[in-house]
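Written out below as structure tokens is the structure these notes cover.
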Amino acid sequence: MTLYAEVILSLPLDQSFSYSVPESCEKRAKVGSRVLVPLGQRMLTGFIVRLRKRRVSPEFELKEIAEVLDEEPIFSISFLSFTRKLCEYYYSSWGELLQASLPPSFILKSKKRITLSERGRAALRDEDLSREETELLRFIQKRSYSALFLKRKFRVRNLSHLLSRLEKKGFILIQKEIAKARKKIFSAAPMSQTQLEIDFSLDAQSREVADQITRRMEKKVFSPFFLYGPPEKREAVYSRLIKEILASGCRVLFLVPEIALTQTLIERFEKKLGEKVALLHSQLSDRKRELEWRKIKEGEVDVVVGPRSALLSPVDHLGLIIVDEEEDDSYYQLESPSYDARKGAWLRAKHEGAALVYGSALPSVEAFYRARKGKYLYCLDSEAREAKVEIVDDRLERGLISSKLEEKISERMKKGEQILVFFNRRGYASYLFCSRCNYISRCIHCDIALTYHKKEGKLVCHYCNYSVVIMNRCPDCGSRMIRERGTGIEAVEEELKTIFPKGRIALFTTDLDKREQERILRNFWTGKIDILIGTQLLAHQVELPPASLIAILFPETILTLSDYRASQKTFQTLSLMMRFLKSGNKAEVIIQTALPHHFSIRQVALEDYFSFFKEELKLRRLMNYPPFSRMAEILFQGENLRNVARKSREFSTRVKSLEGDVDILGPALASVSKVRGISRVQVILKARRKEELDKVLRESLKTIKLRKSVWVYE
DNA sequence: AGCACGCCGACT
DNA sequence: GTCGGCGTGCTC
């Protein structure tokens with residue numbers, strides 16, 4: 001009797017494909033196994049998600065599975081159902097998510113190899129060929145190439161046309177081959193005996209919290225916790241919980257923000273937890289990643305530490321998931337397959353009956369609200385400190401650096417103390433314009449003005465990196481009256497260098513490469529820099545030597561973003577910066593702003609998260625933003641705006657025609673309406689509950705055939 | 001996604 | 001007439 005398999009492929013489709021299982025594969029074809037299957041002209045790696053004894057749709061002949069790639073299923077049933085839930089929640093493709101959870105070498109697919117034939121060689125000599133034909137045949141003279149490579153190399157739109165023509169004429173050979181899977185390497189690493197060195201120094205309050213959580217954890221049913229408190233105390237509680245869970249024979253998943261996994265943290269973890277920990281991070285090579293994946297799969301690892309993608313690692317017997325620094329947005333993957341690892345952790349813990357611990361000193365308003373409401377908030381008091389914070393009203397100032405700030409910096413410099421300056425805009429000026437004809441240089445690929453980078457003498461697009469050498473005449477009217485508008489961080493540096501010519505001043509931005517960034521940090525640590533000026537990148541550093549003066553310039557660059565979370569982002573970023581303040585009452589912070597009365601700036605100054613939370617929550621309630629509603633942002637993208645606009649209108653009409661209590665905003669051009677030549681139109685949906693969004697979105701997304709991304713905010 | 005097919009203007 | 005650009009629709 002024939003078996004039929006339902007197979008999920010890594011395509012941007014919300015659909016499975018059915019294949020018949022040939023007798024030779026019947027034993028190994030199991031739910032959760034990888035298979036090689038034919039689809040159209042290709043061979044692809046898919047995943048069996050269901051086996052049937054009878055075929056469902058008898059209308060057409062099914063193809064056979066070509067090969068089962070695994071001896072034992074690579075995905076457990078519970079992992080399959082968890083990932084399915086996760087991508088349903090975020091409207092992503094299940095196949096893409098499953099693929100993303102595996103090392104790249106586990107995915108086999110056919111590739112077309114193109115080789116020049118003898119006749120082709122002759123034709124190249126003797127025959128008259130079109131420009132494109134000659135170009136391609138010449139290119140493949142020396143060696144053969146894959147079709148995909150050629151497609152990228154030549155910007156021919158319809159390569160398959162060209163290739164099949166050449167094949168018909170006998171000029172080229174097209175072979176389909178499947179890259180050989182590397183031999184299975186089962187790293188037979190011996191079970192490590194490393195004793196866990198865990199620090200138990202918990203104060204009374206932390207011990208009480210840890211005990212409460214432990215008691216609930218022992219029941220081995222899903223239970224969420226939110227740990228609100230400073231990093232050292234959270235870490236102590238985590239250590240204790242990890243120990244408890246390990247003792248009970250379960251494993252731990254520990255998620256941290258992308259940027260937090262620096263070498264120092266990795267070393268610390270290794271020391272504390274020994275070899276039974278797998279550390280996943282972005283610098284890992286494919287080879288190393290595969291090795292770690294296998295170690296986790298084989299159960300040789302008890303604790304998996306990593307950024308959001310670690311959520312998808314194959315840990316069995318999961319007893320505890322920790323999501324530290326819950327407020328960090330790097331948990332939300334915006335590229336396909338998009339998902340939020342914070343919600344993902346919730347879903348996974350629920351599936352596995354595990355405990356879930358979020359931790360933060362600056363929780364997102366949404367999570368904090370839910371934790372309070374759901375009665376799973378646990379507070380660890382931080383030691384009150386009285387930082388001296390002063391808000392300087394910039395509207396009364398003339399220069400970039402207020403006289404107050406200048407005075408303070410000068411004082412600190414005299415004492416030989418270090419200063420941190422935060423300003424969140426790269427470049428020297430937002431743009432250049434001609435004061436005669438008002439011409440502004442814009443990016444040719446994106447709908448945005450080019451940012452002036454004085455050091456490089458360039459105008460740069462911050463969206464696609466396109467750049468042009470700076471002009472001294474207006475390209476439009478030829479006038480020399482080129483002016484700057486909008487201050488960037490390079491201008492801050494220039495101004496400070498003018499005021500303090502002897503000061504050792506450095507910039508810290510993403511414009512520097514990794515090595516330069518490290519060099520600057522080292523120099524700041526060793527005291528070779530007096531004033532370090534940086535953007536977000538600086539604020540997100542895990543550690544910096546404490547500074548006795550921190551200057552925050554124009555936080556309104558974040559506050560005026562068109563995002564309902566702008567206040568929260570401001571509060572978070574400024575608080576992050578203020579972590580680097582030296583303790584003791586001599587240290588101080590200056591916030592120089594044109595919005596000195598805004599509540600998020602005032603409450604940062606008071607270091608009062610709770611007041612900020614209450615204020616922000618009030619606004620969210622008034623405006624019906626999350627956590628009081630759920631929002632979905634749908635971004636339509638395409639080469640011609642006409643088509644994108646038409647499809648997005650079609651979509652909104654469809655949504656409106658469906659029954660549902662959903663508000664619809666747009667379609668409207670996205671805030672940057674074109675990026676890399678792709679036009680962008682967005683629609684925002686708002687509803688009381690996620691289910692209401694689902695009801696209309698599932699239906700209407702299917703019918704619109706255009707590249708689209710969906711993001712969920714809740 | 002990637003691939004084939006079919007339609008249409010333009011150029012030997 | 002063919003070539004090559006482009007939109008459309010399907011893949012078990």
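This is a predicted model, so every value here is computed, not measured. In what follows, chains are A, B, ... by sequence order, proteins preceding strands, each numbered from 1.
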Atom pairs, N/O to N/O, protein against nucleotides 9-11 of chain C, distance under 3.5 Å?
from	atom 1	to	atom 2	distance (Å)
C:dG9	OP2	A:K705	NZ	3.2
C:dT11	O3'	A:G40	N	3.2

### Rounded interatomic separation in angstrom, taking CD from A:Q41 and P from B:dA4
5 Å
### Message
Distance check needed: C:dC12 P versus A:I48 CD1, whole Å only.
### Response
16 Å
### Message
Could you check, using the six-membered ring where one of them is a Trp, whether A:F106 and A:F47 have ring centers closer than 6.0 angstrom?
### Response
no
### Query
In whole angstroms, how far is the P atom of B:dG2 from the CZ atom of A:R707?
12 Å
### Message
Just to verify, what does A:P475 make a side chain to side chain contact (heavy atoms under 4.5 Å, CB included) with, not counting sequence neighbours?
### Response
A:Y439, A:M471
### Task
Whole angstrom is fine here: how far is it from CG in A:L98 over to P in B:dA1?
18 Å
### Task
Write out all pairs satisfying side chain to side chain donor-acceptor pair (under 3.5 Å) with one or both partners inside residues 667-676 of chain A, taking only residues at least two apart or from two chains.
A:D447-A:S673
### Query
Which whole-number value in Å describes the distance from A:L9 CG to B:dG2 P?
13 Å
### A:L44 CG to C:dC12 P, straight-line distance once rounded to whole Å
10 Å
### side chain to side chain donor-acceptor pair (under 3.5 Å) pairs, two or more places apart, involving residues 19-28 of chain A
none
### A:E88: partners by salt bridge (Lys or Arg N to Asp or Glu O under 4.0 Å), with sequence neighbours left out
A:R84
### Query
A:E96 has an atom CD; how far is it from atom P of B:dA1, in whole Å?
8 Å
### Atom-to-atom span, CD1 of A:I8 to C1' of B:dA1 - whole angstrom
15 Å
### Task
Taking salt bridge (Lys or Arg N to Asp or Glu O under 4.0 Å) as the test, write out the residues that go with A:E292, two or more places apart.
A:K288, A:K295
